[in-house]
There are 2 protein chains.
Amino acid sequence: MDLEGASKGMANTKKMDYVLLGLLSHESMTGYEMKKRLDTTLRFFWGGSYGSIYPTLNQLEKEGKVTKEDTSSNGREKISYSITEYGRESLRDWLRKPVEKDELRYETLLKLFFGNETGMEGAKEHIERFEEKCKGELVVLNMFAENLAQYLEDDTHKHYYLTVKFGIKTYESYLEWCKEAKEQIKEWEGK
Amino acid sequence: MDLEGASKGMANTKKMDYVLLGLLSHESMTGYEMKKRLDTTLRFFWGGSYGSIYPTLNQLEKEGKVTKEDTSSNGREKISYSITEYGRESLRDWLRKPVEKDELRYETLLKLFFGNETGMEGAKEHIERFEEKCKGELVVLNMFAENLAQYLEDDTHKHYYLTVKFGIKTYESYLEWCKEAKEQIKEWEGK
DNA sequence: GAATAATATATCAGTTTGATATATTTGTCA
DNA sequence: TGACAAATATATCAAACTGATATATTATTC
């Protein structure tokens, strides 16, 4: 028990290991495909770059948590990764531990917070740009949800569905906030 | 115009500069005090560590954006930082640029997404822990809002107030999602 | 037939975190 | 009064991660 030295008093800070193991627990794929998943399916709550994906995959292979298979065809280099039973144990071990950190880093809020340096006009612009972006994200998320609704017998899709619902709920509340914030600013300006 | 090489086609990726300049635009303070602000006032939308604060302060001084003043008393080392006019220009320049990235990194959602490896029972536990945490955060945010409501003549506090309202709105929607997600799981289990 | 987009792996400098080291002062409680 | 814990304060480092870039092939569009 007690994989990867969590007993040594050090926090389990490297998350990319589990993100990639998680993706591979669904199906075998290439590093490129993992990046695409991070940019589409997971993008509303988690990110990841090539600079983190490829080195982590090599490390996971050395640790025996994934296996490589050269599936190059013609001249196109292609390495397909699969999760091992040991990798799956490691993933489950992590999944059962309590969450260490949920973090929001919204530059929009940062610029809004320091906004009195440039005035309410600047704040309003940032809120409007944020509003437009949220509307776009909501369209995407609603498409995801509609699509998913057809496959809810599958347990994997049930979990996916819950995260999409989270996204929809939060983006809807962002839009409400945008509306109220703009009204509040108008009220302040009126006086 | 066009401070700090944004013209060279490189993204302005270092955010800590502006976080610290922003804090100093409100009032002069020490690095330790800046860390406290990040851990209290800003913690709902931005973080920061000592390992990033102190080196950045030294860099900002070299660039002429802040000035140091030794305010040690008795044996306690203490350096008070103040923003310069050039630093303020640099801050305003950044504030007027469009937001580059708003990012959410919720480990809770990650564990939920991959949760079919450990089953719905594990998912429920993560949701419940998340729910408890959100309730606590909401209490803090509501205290902030109540407190702030007294000082809304001040423009700095108006901006602060809008960000607190954002936090309240989102945490309330998180709680709604927790409720609905638990109901959904129960429904799935019933079948 | 040429240009552009997509597939695919890989690396690197710069940024940030989380932890730790060090030292003093203030507050608590017995 | 004395002992212990908490708060104040600066500083550094390994490890993690991002954003950008390099390289090369195949597929698509015009």
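A, B, ... follow the sequence lines: proteins, then strands. Residue 1 opens every chain. Small disclaimer: the values here were computed from a predicted structure and weren't measured.
As a whole-Å value, the separation of Lys15(B) NZ from dC17(D) P is 18 Å. Distance CG (Leu57(A)) to P (dC17(D)): 13 Å, rounded to an integer number of Å. Whole-Å rounding puts the Lys14(A) NZ to dT16(C) C1' distance at 16 Å. Taking atom CZ of residue Arg43(B) and atom P of nucleotide dT17(C), one finds them 15 Å apart after rounding to whole Å. In this structure, Ile53(A) atom CD1 and dA20(D) atom P are separated by 15 Å, rounded to whole Å. Protein atom NZ of Lys35(A) is 15 Å distant from nucleotide atom P of dT21(D), rounded to whole Å. Between the CG atom of Asp39(B) and the P atom of dA19(C) there is a distance of 13 Å, given to the nearest Å.
Within the structure, no pair that satisfies the salt bridge (Lys or Arg N to Asp or Glu O under 4.0 Å) test touches residues 45-60 of chain B, not counting sequence neighbours. For the ring-ring contact (aromatic ring centres under 6.0 Å, His included) condition, the pairs that include at least one residue of residues 47-76 of chain A, sequence neighbours left out, are Tyr50(A)-Tyr54(A).
With sequence neighbours left out, the side chain to side chain contact (heavy atoms under 4.5 Å, CB included) criterion links Ile185(B) to Leu162(A), Met120(B), Lys124(B), Ile127(B), Trp188(B), Glu189(B). Under the rule for a side chain to side chain contact (heavy atoms under 4.5 Å, CB included), the partners of Ser82(B) that lie at least two apart in sequence or sit in another chain are Ser28(B), Thr67(B). For Asn116(A), the side chain to side chain donor-acceptor pair (under 3.5 Å) partners at least two apart in sequence or on another chain are Thr156(B). Remark: Asn147(B) pairs with no residue by the side chain to side chain donor-acceptor pair (under 3.5 Å) rule, at least two apart or across chains. Scored by the side chain to side chain donor-acceptor pair (under 3.5 Å) test, Gln59(A) finds Lys14(A), Asp17(A), Glu63(A) as partners (sequence neighbours excluded). Residues that satisfy the side chain to side chain contact (heavy atoms under 4.5 Å, CB included) test with Glu153(B), not counting sequence neighbours, are absent from this structure. Residues passing the ring pair (Phe, Tyr, Trp, His ring centres under 6.0 Å) test with His126(A), sequence neighbours excluded: none.
Across residues 101-110 of chain A, Lys101(A), Arg105(A) each have a non-hydrogen atom less than 4.0 Å from an atom of DNA chain C (numbered order).
Here the rule is salt bridge (Lys or Arg N to Asp or Glu O under 4.0 Å) with Lys182(A), and of Glu131(A), Glu187(A), Glu176(A), Glu125(A) only Glu131(A) fits it.
Each of Ser49(B) and Ser49(A) was assigned the nucleotide of DNA chain D with the nearest heavy atom; the assignment lying further toward the 5' end belongs to Ser49(B).
For the helix from dG1(C)-dC30(D) to dA30(C)-dT1(D), the angle separating the two terminal helix axes comes to 50°, with each axis derived from five pairs and the value rounded to 10°.
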If the sugar-phosphate is the primed atoms plus P, OP1 and OP2 and the base is the rest, what is the B/S/- string for nucleotides 6-13 of chain C, using protein heavy atoms under 4.0 Å? SBBBBBB-

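Salt-bridge check for Lys158(B) with Asp154(B): failed, with every basic side-chain N at 4.0 Å or more from each acidic carboxylate O.
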